[in-house]
Amino acid sequence: MKLYIGIDLGTSAVKLLLVNKAGQILNTVTEEYPLEFPEPGWSQQNPEDWRRAVLEGIPKLLRGFDGSKVAGIGCGGQMHGLVVLDANDQVIRPAILWNDGRTAKQVDYLNNVIGKERLSALTANIAFAGFTAPKILWMKENEPENFARLAKIMLPKDYINYILTGVHSCDYSDASGMLLLDVKHKRWSSEMLDICGVSETQMPGLYESYEVVGTVLPEIAKVLGIPESVKVVAGAGDNAAAAVGTGTVGEGGCNISLGTSGTIFISSDKFGVDPNNALHAFAHADGGWHLMGCMLSAASCNKWLCDEILKTQDYAAEQAPITVDKLGNNHVFFLPYLMGERSPINDTNARGTFIGMTMDTTRADLIQAVLEGVAFAIRDSFEVAKSLGISIPSTKICGGGSKSPLWRTIFANVLGIPLKMVKTEQGPGYGGAMLAMVGCGQYGSVQAASDALVEVASTIEPDEALTALYEARYQQFREIYPACKTLFSKIQ
């Protein structure tokens, strides 16, 4: 039986999945690597750590299995990160990551000098601090010697595909988040490349996510213990890959990903742009398009509070005192803007904020406020999508945070729609494996793979009374950021 490897190249670790053609996950391996924060609000990583983690992780993944049966590899990866290679394909500097906030000046230049209207016409999006184009401009201005050496611009998962195949590739879904792609016409925007001072020869080749970019290099195949004939598909940005892994493909699908970052992902057969550019308009891994709202700190907010402040990693124990009767009745609010925020407020100065604390505020109240604050922030993007006339009758949910039954209940009632957990929760990695199956001809399309492999395991229905309580709380939450906005810019 053929085997497929799915790679989820995350911010804190790479998760590797071994999947058979029936969609069963046979084994998983996680390899962690460090993050660097050289300045407040900066975030970067060494691509060598990704390479090592993948090349050491795959042999572990295959222990006890026949590596000769591996047919394909597909990667879903953290988006927007700037990976720069020189003429010898050596990494020039650490990758500047999606949650890096150093590019405020460049974002301001793009949005206000080039102009949001022009950017939207060229790329279907406006500039955000995490996007790749502002990082290129930052590097050009602040590291001219490194910029002069630049021969190839890549995204994180594309660097892994390069290590595997020797091919410089990028898929349309991931390229959409660079602010360099003409999303509607699925080609590099020559005008945006000119604005950033780079040429098309410095960009990778473009592919649909399920298209094969190459086979595994002989020396790499030997290290991994797999055949040289193994096909590597272009893969997808982590959110598009997670959407494939949860069956969020075709018209009208919705998925919430609750990982380090948080996203709401709405798939469509048709290209469309939010007129205010509060949501991203990107290509999808199924060959279509999607709208996406992205918050920079989601499950990482809970991790921060527990790990750094409360000094515990027993998340379930911290949530245990939050009984159903407490939901919708918390007097504490939390703005989950620990790394600034992207959708829909686009404010690098925004910061995490507790408000409403009193002498009787408990540890559990703070935990609850964080869980609710993340759900409220996702609803901000949900409301933008609804304002465009998009009907979202239900949503899937995936990511590490979705493993919390309490958090799922909060989300279902904050959004007021049924929340579905799929049987296989390994979103981006599973989506990567599914894309590999399509590339290897196991399925004729991403939709066909989704129909065959994705099953709903459970559904949480919203409670009418609790939804009403959360509606009132959400309207209060919406007033906090506007009241704090000018203060945030002053305290930086």
| If you take all heavy atoms of G253 and T248, which pair is closest and at what distance? | C-CG2, 3.4 Å
| note | Test ring-ring contact (aromatic ring centres under 6.0 Å, His included), reference H284, set F265, F271, Y172, W289, output is F265
| message | Please check: side-chain N/O of S402 versus main-chain N/O of G399, any donor-acceptor pairing under 3.5 Å? | response | yes
| request: Rounded to the nearest 0.5 Å, what's the gap from CZ on R342 to CG on L296? Could you check? | output: 5.5 Å
| field | Closest approach of N111 to N346 (non-hydrogen atoms, all atoms of both residues) | value | ND2-ND2, 4.0 Å
| Any donor-acceptor N/O pair, S489 side chain to T486 backbone, under 3.5 Å | yes
| Between E383 and R478, is there a salt bridge with N-O shorter than 4.0 Å? | no
| query | For M192, does its backbone N or O pair with a side-chain atom of S189 as donor and acceptor, under 3.5 Å? | reply | yes
| request: Determine the interplanar angle of the Y162 and H168 rings, folded into 0 to 90°, and report it as parallel if under 30°, tilted if 30 to 60°, perpendicular if over 60°. | output: parallel
| request: Indicate whether the side chain of Q45 and that of D49 have a donor and an acceptor atom separated by less than 3.5 Å. | output: no
| remark: Across all chains, not counting sequence neighbours, the ring-ring contact (aromatic ring centres under 6.0 Å, His included) partners of Y481 are Y337
| said: Between N276 (side chain only) and A278 (backbone N and O only), is there a donor and an acceptor less than 3.5 Å apart? | reply: no
| message | Are more than 12 heavy atoms, taken from residues, nucleotides or ligands other than K116, located less than 6.0 Å from that residue's NZ atom? | response | no
| field | Residue pair S43, W98: steps toward the side-chain hydrogen bond (donor to acceptor under 3.5 Å, both in side chains) verdict | value | CA-CA 8 Å; S43 178; W98 58 272; over 6 Å; no
| request: Evaluate side-chain hydrogen bond (donor to acceptor under 3.5 Å, both in side chains) for S169 paired with D158, printing each intermediate quantity in order. | output: CA-CA 6 Å; S169 66; D158 302 325; 4.7 Å; no
| query | Once you round to the nearest 0.5 Å, how far does CG of D286 lie from OG of S450? | reply | 9.0 Å
| query | Going from CG on L181 to OG1 on T123, what distance comes out if it is rounded to the nearest 0.5 angstrom? | reply | 8.5 Å
| request: Give the intermediate values and the outcome of salt bridge (charged side-chain N to carboxylate O under 4.0 Å, His left out) for residues E211 and K231. | output: CA-CA 10 Å; E211 288 184 320; K231 295 177 179 178; over 6 Å; no
| Identified side-chain contact (heavy atoms from CB on, under 4.5 Å) partner of E372 from the options Y470, F334, F477 | Y470
| query | Would you call D171-K157 a salt bridge at under 4.0 Å N-O? | reply | yes
| query | If we ignore angles and hydrogens, is there a donor and acceptor under 3.5 Å between the side chains of N239 and T263? | reply | yes
| Within a strict 4.5 Å, meaning less than it, do heavy atoms of the N146 and V84 side chains meet? | no
| field | Inter-residue atom distance L415.CG - I397.CD1, 0.5 Å rounding | value | 8.5 Å
| query | With a 4.5 Å limit on heavy-atom distance, are the side chains of R351 and L338 in contact? | reply | no
| query | Taking everything shown except E32 itself, do over 12 heavy atoms lie less than 6.0 Å from its CD? | reply | no
| query | Which atoms form the tightest heavy-atom contact between A124 and V183, and what is the distance? | reply | CB-CB, 4.1 Å
| query | Can you name the residues that form a ring-ring contact (aromatic ring centres under 6.0 Å, His included) with Y210, not counting sequence neighbours? | reply | none
| field | Heavy-atom side-chain proximity of T30 to L16 below 4.5 angstrom | value | no
| Could you walk me through whether M292 and I264 pass the side chain to side chain contact (heavy atoms under 4.5 Å, CB included) check? | CA-CA 6 Å; M292 184 174 74; I264 183 165; over 6 Å; no
| Minimum heavy-atom distance A436-G74, with the two atoms named | CB-N, 3.8 Å
| query | Taking side chain as C-beta onward, heavy atoms only, is L258 less than 4.5 Å from V374? | reply | yes
| query | Could you walk me through whether Y159 and W50 pass the side chain to side chain contact (heavy atoms under 4.5 Å, CB included) check? | reply | CA-CA 9 Å; Y159 181 67; W50 306 332; 4.2 Å; yes
| query | Side-chain contact, heavy-atom cut-off 4.5 Å: I266 with T395? | reply | no
| said: If the condition is side-chain contact (heavy atoms from CB on, under 4.5 Å), which residues does D86 pass it with, not counting sequence neighbours? | reply: N88, Q90, I92, R149
| query | So, are K15 and E31 salt-bridged, with charged N and O less than 4.0 Å apart? | reply | no
| Between K186 and E208, is there a side-chain N and carboxylate O pair less than 4.0 Å apart? | yes
| Can you say whether the rings of W138 and W42 are parallel (under 30°), tilted (30 to 60°) or perpendicular (over 60°)? | perpendicular
| field | Minimum heavy-atom distance between L279 and D274, given as atom pair plus value | value | N-OD2, 3.2 Å
| Can you find a heavy atom in the side chain of Y33 that is under 4.5 Å from one in the side chain of S12? | no
| query | Does E143 come within less than 4.0 Å of R93, counting only side-chain N to carboxylate O? | reply | yes
| request: Would you confirm whether T103, through its side chain, and Q106, through its main-chain N or O, come within 3.5 Å as a donor-acceptor pair? | output: no
| query | Counting only heavy atoms not in E36, do more than 12 fall under 6.0 Å of its CD? | reply | yes
| task | Measure the spacing between CE of M295 and CG of D380 and express it to the nearest 0.5 Å. | result | 9.0 Å
| task | Determine whether more than 12 heavy atoms belonging to other residues, nucleotides or ligands lie under 6.0 Å from atom NZ of K420. | result | no
| query | Any side-chain heavy atom of I7 within less than 4.5 Å of one from I5? | reply | yes
| remark: Smallest heavy-atom separation, H80 atom then T132 atom, equals O-OG1, 2.9 Å
| query | Where the side chain of Q202 meets the backbone of L150, is there a donor-acceptor pair that is under 3.5 Å apart? | reply | yes
| field | Geometric class of the H280/F282 ring pair [parallel <30°, tilted 30-60°, perpendicular >60°] | value | parallel
| field | Donor-acceptor under 3.5 Å (K135 side chain, G130 main chain) | value | yes
| request: Kindly check if the number of other-residue, nucleotide or ligand heavy atoms within 6.0 Å of NZ (K303) is above 12? | output: no
| Is R187 reaching over with its side chain to a backbone N or O of K184, donor-acceptor style, under 3.5 angstrom? | no
| field | Side-chain (S267) to main-chain (G250) donor-acceptor, under 3.5 angstrom | value | yes
| message | Heavy-atom count check: over 12 atoms from other residues, nucleotides or ligands less than 6.0 Å from Q475 CD? | response | yes
| query | Roughly how far, to the nearest 0.5 Å, is the CG atom of L119 from the CG atom of N125? | reply | 9.0 Å
| Between N161 and Y207, does any side-chain donor sit less than 3.5 Å from a side-chain acceptor? | no
| Can you find a pair of side-chain heavy atoms, one from Q368 and one from V332, that are under 4.5 Å apart? | no
| query | Under 3.5 Å, is there a donor-acceptor pair between the side chain of S300 and the main chain of T260? | reply | yes
